[in-house]
Amino acid sequence: MKNIKAYAAQDAHSPLAPFTIDRRDPRADDVEISITHCGVCHSDVHQARNEWGGSVFPIVPGHEIVGVVTKVGSSVKKFKVGDRVGVGCLVDSCQHCQSCKEGLEQYCDNSVGTYNAVEKDGSRTYGGYSTAVVVKESFVLKIPDNLSMDGVAPLLCAGITTYSPLRHWKAGPGKKVAVIGLGGLGHMAVKLAHAMGAEVTILSQSLKKEADGKRLGASAFYATSNPDTFTKLQSTFDLIINTVSVELDWNLYLNLLKRDGSMVLLGIPNTAPAVQAPALIFGRRSLAGSLIGGIQETQEMLDFCGKHGITSDIELINMNQINEAYERMLKGDVRYRFVIDMESLKKA
Ligand code: NAP
Ligand code: ZN
């Protein structure tokens with residue numbers, strides 16, 4: 001496919017603008033997808049602005065992709081034309097290392113990101129801020145029939161990135177889970193942990209989103225701008241999910257863990273604070289991190305969301321509103337995920 005419409009950043013300091021890309025013709029094991037919606041993740045901003053270093057421009061961001069199958073390769077078994085499908089942060093991996101064998105493709109040293117990465121054939125990957133994409137069958141997900149496409153898009157990154165650690169650290173009945181930051185990832189963490197049966201507390205900068213937080217499934221909501229929060233909640237949580245995209249004083253939060261509790265980092269600021277050893281040692285606490293989720297677990301998460309009727313709370317935007325959406329996301333002014341209606345780009 002030639003001259004596919006897309007939006008790209010040409011360098012770290014320019015706004016995103018119209019761009020055209022080519023997509024390969026489907027190989028035997030490929031699925032061609034007409035993109036209907038794409039979620040806007042904070043990682044898109046980090047990479048479009050080269051905040052982590054190593055971005056290769058031009059970048060077409062977008063790894064919360066949903067759409068409809070328009071063509072399948074000759075050996076494709078799981079999908080047919082017309083199916084509703086999703087693509088998340090990965091489009092390939094080595095498929096034979098220990099992580100791949102265990103369905104943890106995100107930890108494969110040779111995994112291929114949906115954008116800002118290089119395919120095995122040497123071509124660059126371009127993401128979902130575009131009208132169509134071609135992806136290997138084994139990296140394409142099925143979308144449950146009862147869920148709306150626009151609300152599902154953010155599940156492909158924000159959903160799986162929070163589902164995976166909640167499962168790994170066994171969130172469920174009898175467990176107290178705190179979520180730091182009520183943004184795209186944070187609001188999904190609240191919905192999913194609540195659906196798993198855990199007791200959820202939100203730690204947000206202010207009390208502005210308290211009513212939303214309770215509606216999303218939290219039983220308690222605290223402002224981190226109030227120092228009393230950190231005395232009141234000492235030694236309270238089994239698990240803290242940290243979704244904040246900027247540097248925070250982790251020591252304050254580690255002290256909110258019970259004995260043997262864990263704080264899992266999901267947000268990826270480019271600088272990190274010094275951790276005080278006693279905050280970990282007195283209480284045998286753990287500080288951990290977690291990266292998105294594997295393909296099998298992503299399908300499990302989508303099916304879990306289908307069963308529980310869970311989608312993301314979204315604000316639908318047109319493609320040409322993307323730069324404004326980035327600015328609003330940086331100010332925390334989004335409830336709770338921007339999703340691009342790709343019809344707007346197809347028509348443009
Ligand atoms: P987001 O929608 O912008 O949410 C981040 C939230 O952090 C904000 O809504 C805000 O919540 C809080 N926050 C922002 N600035 C803050 C500050 N100065 N102090 C304290 N809290 C602040 O972003 P997102 O899309 O959820 O992504 C969050 C982070 O996760 C990003 O760094 C992203 O790159 C990363 N990420 C990681 C993975 C992974 O695999 N580990 C996957 C996807 C994304 P409140 O207003 O409630 O405080
Ligand atoms: Zn993401």
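Read the numbers this way: they start at 1 and go in the same order the structure lists the ligands and their atoms. The figures that follow rest on heavy atoms only: side chains count, while hydrogens, waters and symmetry mates do not.
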Q. At under 4.0 Å between heavy atoms, which part of Leu182 makes contact with ligand 1: side chain, backbone, both or neither?
A. both

Q: Enter the distance from Leu257:CG to Met263:CE here, rounded to the nearest 0.5 Å.
A: 7.0 Å

Q: Using a 4.0 Å heavy-atom cut-off, say whether Ile180 meets ligand 1 through its side chain, its backbone, both or neither.
A: neither

Q. Any ion pair linking Lys71 and Glu137 (charged N to carboxylate O, less than 4.0 Å)?
A. no

Q | Check: Ile268 N/O within less than 3.5 Å of ligand 1 N/O | A | yes

Q. What protein N, O or S atoms come within a distance below 2.8 Å of the Zn ion (ligand 2), ordered by chain and number?
A. Cys41 SG, His63 NE2, Cys157 SG

Q. Mind checking whether Gly332 has a heavy atom under 4.0 Å from ligand 1?
A. no

Q. Short N/O distance, under 3.5 Å, between Ile292 and ligand 1?
A. yes

Q | Numbering as shown, the atoms of ligand 1 that approach Leu291 to under 4.0 Å (heavy-atom distance) | A | 40 (O)

Q: Look at Arg337 together with Asp313 and state whether they make a salt bridge at an N to O cut-off of under 4.0 Å.
A: no

Q) Purely on distance, is any nitrogen or oxygen of Trp52 under 3.5 Å from one on ligand 1? A) no

Q) Which is closest to atom 41 (N) of ligand 1 in terms of heavy atoms, Ser164, Ser290, Gly186? A) Ser290

Q: Answer yes if the side chains of Asn116 and Tyr126 hold a donor-acceptor pair under 3.5 Å, and no otherwise.
A: no

(Q) Does ligand 1 come near enough to Gly184 that some N or O of the ligand is less than 3.5 Å from an N or O of the residue? (A) yes

Q) Any Lys/Arg nitrogen of Glu32 or Arg23 sitting under 4.0 Å from an Asp/Glu carboxylate oxygen of the other? A) no

Q: Would you mind telling me if ligand 1 is within reach of the side chain of His46, the backbone, both or neither, using heavy atoms under 4.0 Å?
A: side chain

Q: Specify whether Tyr253 and Phe230 have parallel, tilted or perpendicular ring planes, treating 30° as the upper limit for parallel and 60° as the lower limit for perpendicular.
A: perpendicular

Q | Under 4.0 Å to a heavy atom of Gly183 - the qualifying atoms of ligand 1, by number | A | 2 (O), 4 (O), 9 (O)

Q | Test: Asp212 and Arg335 ion pair at under 4.0 Å | A | yes

(Q) If the cut-off is 4.0 Å to any non-hydrogen atom of Val246, which atoms of ligand 1 fall inside it? (A) 16 (C), 17 (C), 18 (N), 19 (N)

Q. Do Leu265 and ligand 1 have an N or O pair less than 3.5 Å apart?
A. no

Q) Does ligand 1 have an atom that lies less than 4.0 angstrom from a heavy atom of Arg337? A) yes

Q. Going by an N to O cut-off under 4.0 Å, is there a salt bridge joining Asp238 and Lys258?
A. yes

Q. Side chains of Asn323 and Glu327: do they bring a donor and an acceptor to under 3.5 Å?
A. no

Q: Give the numbers and elements of all ligand 1 atoms closer than 4.0 Å to a heavy atom of Gly267.
A: 29 (C), 30 (O), 32 (O), 35 (C)

Q. Residues in ring-ring contact (aromatic ring centres under 6.0 Å, His included) with Tyr163, at least two apart?
A. Phe304

Q) Is it the case that His168 and Ser290 place a side-chain donor and acceptor less than 3.5 Å from each other? A) no

Q.
Only heavy atoms of Cys157, strictly under 4.0 Å: list the atoms of ligand 1 that pass.
A. 42 (C), 43 (C)

(Q) Could you tell me if Asn251 and Asp249 have a donor-acceptor pair between their side chains, going purely by distance under 3.5 Å? (A) yes

Q.
Side chain or backbone, does Ser245 bring an N or O within less than 3.5 Å of an N or O on ligand 1?
A. no

Q: Can you pull out the closest protein heavy atom to atom 28 (C) of ligand 1? Residue, atom name and distance to 0.1 Å, please.
A: Thr243 O, 3.0 Å

Q. Considering distance alone, does some N or O of Cys41 sit under 3.5 Å from an N or O of ligand 1?
A. no

Q. Ala158 near ligand 1, heavy-atom distance under 4.0 Å?
A. no

**Q.** Salt-bridge present (Asp260, Arg284; N to O < 4.0 Å)
**A.** yes

**Q.** Nitrogen or oxygen of Ser204 less than 3.5 angstrom from that of ligand 1
**A.** yes

Q: Look up atom CG in Asp121 and atom CZ in Arg27, then write down how far apart they are to the nearest 0.5 Å.
A: 5.0 Å

**Q.** Atoms in ligand 1 with a heavy atom of Lys209 nearer than 4.0 Å
**A.** 9 (O), 11 (O), 45 (P), 46 (O), 47 (O)

